[in-house]
Number of protein chains: 4
Amino acid sequence: MPKIVDKEEKRKAIADVSITVFKNNGYHSARMADIAVAAGIGKGTIYEYFKNKADILRYALDNYFNAFLNGAVLAMGEIKDPLEKLLSLIDFAFRHAAKWEDHCAVYVDYFGTAAREKDYRIYLDAIYRDMESMLASIIEEGQRSGKFHEGYNPAGFAALLVSLYEGAILYDVFKGAPGNRELVRDAAIRLIEKGLTA
Amino acid sequence: MPKIVDKEEKRKAIADVSITVFKNNGYHSARMADIAVAAGIGKGTIYEYFKNKADILRYALDNYFNAFLNGAVLAMGEIKDPLEKLLSLIDFAFRHAAKWEDHCAVYVDYFGTAAREKDYRIYLDAIYRDMESMLASIIEEGQRSGKFHEGYNPAGFAALLVSLYEGAILYDVFKGAPGNRELVRDAAIRLIEKGLTA
Amino acid sequence: MPKIVDKEEKRKAIADVSITVFKNNGYHSARMADIAVAAGIGKGTIYEYFKNKADILRYALDNYFNAFLNGAVLAMGEIKDPLEKLLSLIDFAFRHAAKWEDHCAVYVDYFGTAAREKDYRIYLDAIYRDMESMLASIIEEGQRSGKFHEGYNPAGFAALLVSLYEGAILYDVFKGAPGNRELVRDAAIRLIEKGLTA
Amino acid sequence: MPKIVDKEEKRKAIADVSITVFKNNGYHSARMADIAVAAGIGKGTIYEYFKNKADILRYALDNYFNAFLNGAVLAMGEIKDPLEKLLSLIDFAFRHAAKWEDHCAVYVDYFGTAAREKDYRIYLDAIYRDMESMLASIIEEGQRSGKFHEGYNPAGFAALLVSLYEGAILYDVFKGAPGNRELVRDAAIRLIEKGLTA
DNA sequence: CATGAATGAGGATTCATTCAT
DNA sequence: TATGAATGAATCCTCATTCAT
């Protein structure tokens with residue numbers, strides 16, 4: 001089934017180009033014509049691969065989220081120690097944000113839409129829930145083994161970690177100052193290490 | 001003589017209504033007609049008080065930021081102890097976010113615009129810089145007095161705190177789950193207390 | 001009846017200011033607010049003196065046309081010789097255009113409107129007819145007395161003179177080059193003198 | 001492959017229709033919707049061919065002016081005698097005005113705009129300068145050869161001719177009386193012949 | 001009389017999407 | 001499959017005019 005491969009490949013290519021356009025112009029201001037030009041195809045052709053403008057955004061960020069989830073599983077791997085596992089996850093998360101920088105920038109627009117439109121919301125909700133339960137179980141694990149401080153509510157700490165991550169991404173998107181990401185990451189890792197362990 | 005109107009009061013009233021409309025529909029989707037209807041005035045009247053749609057957003061969030069900055073100064077007051085000062089600031093910040101819930105929701109859209117348009121960016125940049133330097137000096141103070149751990153880069157920790165705050169706001173906007181804010185806040189305060197102190 | 005004098009005086013004052021505004025911005029682009037500011041009165045006050053925007057234009061150019069007609073009669077005075085009479089009229093016409101320079105500039109806009117709207121058209125038509133019959137009778141007089149060349153159709157020559165005058169005004173409005181008016185006037189007078197006399 | 005369209009042809013078609021609409025309603029009052037309906041196309045389609053409303057006007061009158069300039073050169077052709085050359089030019093000019101009657105009617109609006117907006121002004125200025133220098137050199141030629149009266153300032157006479165022409169066009173637009181154009185033309189030709197020759 | 005706050009009809013323009021080729 | 005010409009719904013904003021004070 002070579003055709004299908006081609007089709008999927010072109011979908012990805014168009015989505016990648018779109019992300020750049022979205023990043024530069026903003027999702028709302030970006031015109032389909034801009035994408036077509038950037039992708040070197042006709043305007044109509046986009047609609048052979050995507051239902052509409054929102055569909056491109058959705059698809060592109062699907063990839064971003066899937067890569068995160070897959071990468072997160074890989075990052076934790078067979079690590080037994082909960083602290084090590086958590087730190088490996090955090091390390092991966094920051095590397096992921098750096099690698100998918102453009103997607104992160106567009107994520108803000110996606111977020112705004114997602115907060116309002118039901119379908120998007122449900123979808124993003126599920127992702128966040130996944131991330132949080134993943135984190136919460138690590139926290140619980142650490143607390144059970146006596147390595148993490150008992151005072152923390154696992155769900156609350158998980159939500160805190162997600163918040164921190166989202167905030168760091170957004171802030172970096174806005175700032176774009178070189179070295180800022182690393183500064184924040186180092187502070188975060190140290191703080192978590194010192195503050196979470198029993 | 002014509003009707004006498006408190007221009008500034010009416011500006012504020014329109015902006016307040018607008019924020020609600022922006023929150024519900026999103027800034028981009030919200031139509032000037034929606035605002036006019038919600039405010040119980042004619043479409044044209046809006047333009048007597050604001051140059052354009054963006055001007056309303058800007059004005060509304062100006063108030064939000066100014067209230068934050070003023071409140072932050074008040075929250076720190078005469079507190080000498082750096083930890084107490086920091087915690088008071090954090091406590092205020094979360095209360096501020098709760099009080100200005102609608103503005104927070106719209107803040108995402110503002111952020112997206114600000115990241116792209118020069119004027120907005122400069123303005124928001126200044127606010128962030130203010131917040132960070134405020135925080136960094138508290139950290140330094142704590143480190144000098146030996147109360148805070150020496151390992152932290154003050155600027156990095158300040159950026160982390162801002163990130164965390166922004167992330168918590170955004171996450172809450174998205175979630176909107178009752179009790180979530182408090183869960184995150186408590187975890188944050190405990191983490192900072194435990195992790196930052198020497 | 002002092003009130004009426006005041007009212008009429010203020011009408012004139014507003015109309016004069018309006019002509020300047022119309023000249024600078026063009027009739028269509030000029031806003032009632034501009035006129036109010038320029039006149040140092042409130043927007044609503046204009047409507048105490050004029051029915052609407054078009055009414056101001058109409059009134060202002062009424063004055064212009066009336067002054068022309070009155071001045072023309074005066075310029076011809078008791079002059080018996082048809083050539084002298086014609087030249088005196090032409091001389092006056094050019095001086096009138098110079099004196100009412102701003103009105104001339106606005107006249108273009110008026111003309112465009114007049115060409116389209118019935119009421120305006122009828123009015124302007126009457127003025128042109130007056131001017132033409134005035135001129136035609138001078139030509140006929142000159143031809144009867146054997147001083148003007150017989151070959152000219154009086155109505156045709158009158159229309160030519162009006163055309164030339166309108167054209168000179170418009171061209172001058174556009175050019176605005178100093179000395180241009182005089183150059184055209186001298187050429188016109190010489191041409192008419194040489195070409196019209198038998 | 002999509003429909004193949006001769007862009008330039010369609011541009012011309014839309015512009016032609018627009019001129020009719022402008023003539024009937026006036027440029028300012030004419031709505032884009034009117035043009036679309038008259039052209040049998042969608043409103044949006046106009047913008048595929050023209051940047052905006054002003055662009056249509058500009059394009060249409062570009063054609064008008066270009067046709068004039070080209071026709072003028074043709075009309076003068078290889079004619080040696082300056083009087084003959086001038087009369088041929090005048091004859092052409094009047095025929096041109098008759099042929100482009102609708103454009104002439106719209107020309108008034110263009111003129112009003114051109115007198116105010118810098119870009120338009122520069123453009124129209126250049127055209128007038130061309131016409132005048134063309135005419136002035138004919139006058140000079142005639143004077144050198146002793147055929148034209150020496151008393152005329154060539155530039156002044158050229159400006160007079162242009163004024164007369166513009167005035168005749170405008171006056172005709174306004175009058176629209178049948179036979180008027182010919183009456184004016186005949187008077188003009190006779191006057192120039194008699195008055196200009198030595 | 002004078003005012004300017006309020007209004008909403010009106011119009012230019014944009015752009016996602018469709019569809020004939 | 002690819003295209004881009006065509007479309008019109010959608011929306012911001014302007015400004016002449018009204019009218020309560």
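This one's a predicted model, so the numbers in the text were calculated from it and none came from an experiment. Within every chain, numbering begins at 1; the chains are lettered A, B, ... in the order of the sequence lines, protein sequences first and strands thereafter.
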### Y64(B)/L61(B) under side-chain contact (heavy atoms from CB on, under 4.5 Å): CA gap, chis, key distance, verdict
CA-CA 5 Å; Y64(B) 166 73; L61(B) 289 167; 3.9 Å; yes
### Query
Closest nucleotide of DNA chain E for K53(D) versus for K7(B): which of these residues is on the 5' side?
K7(B)
### Query
Between G40(C) and S29(D), which has a closest nucleotide on DNA chain E that is more 5'?
G40(C)
Can you tell whether the side chains of [X] and [Y] come within less than 4.0 Å, N to carboxylate O?
| X | Y | value |
| --- | --- | --- |
| R31(B) | D34(B) | yes |
| R11(B) | E8(B) | yes |
| D16(A) | K12(A) | yes |
| D6(A) | K10(A) | no |

How close or far is atom [atom2] of [N] from atom [atom1] of [X], stated in whole angstroms?
| X | N | atom1 | atom2 | value |
| --- | --- | --- | --- | --- |
| Y47(B) | dG4(E) | OH | P | 23 Å |
| M32(C) | dT3(E) | CE | C1' | 14 Å |
| I14(C) | dA2(E) | CD1 | C1' | 11 Å |
| D6(D) | dA5(F) | CG | C1' | 13 Å |
| I35(D) | dG11(E) | CD1 | P | 12 Å |
| K10(A) | dT3(F) | NZ | C1' | 11 Å |
| F22(C) | dC15(F) | CZ | P | 13 Å |
| F50(C) | dA16(F) | CZ | P | 15 Å |

### Query
When all nucleic acid strands are considered with a 4.0 Å heavy-atom cut-off, which category describes I46(B): base, sugar-phosphate, or nothing?
nothing
### Task
Would you mind classifying the nucleic acid contact of A30(C) as base, sugar-phosphate or nothing, using non-hydrogen atoms under 4.0 angstrom?
sugar-phosphate
### Message
Can you tell me which nucleotide in dA2(E), dA5(F), dT7(E) comes closest to the side chain of Y49(C)?
### Response
dA2(E)
### Task
Measure across D102(C) and K23(C) and return the closest heavy-atom pair with its distance rounded to 0.1 Å.
OD1-NZ, 3.1 Å
### Closest heavy-atom pair and its distance - K53(B), H28(B)
NZ-O, 3.3 Å
### Query
Start at the 5' end of DNA chain F and walk down; is the nucleotide closest to H28(B) or to N52(C) reached first?
H28(B)
#### Entry: First encountered from the 5' end of DNA chain F, between T45(B) and E48(D)
E48(D)
### Query
For the base of dG10(E), is there a side-chain donor-acceptor partner from K43(B) under 3.5 Å away?
yes
### Message
In dot-bracket form, 5' to 3', how is DNA chain E paired? Count Watson-Crick and G-U wobble pairs only if both distances fall under 3.5 Å, and write | where the partner sits on another strand.
### Response
.||||||||||||||||||||
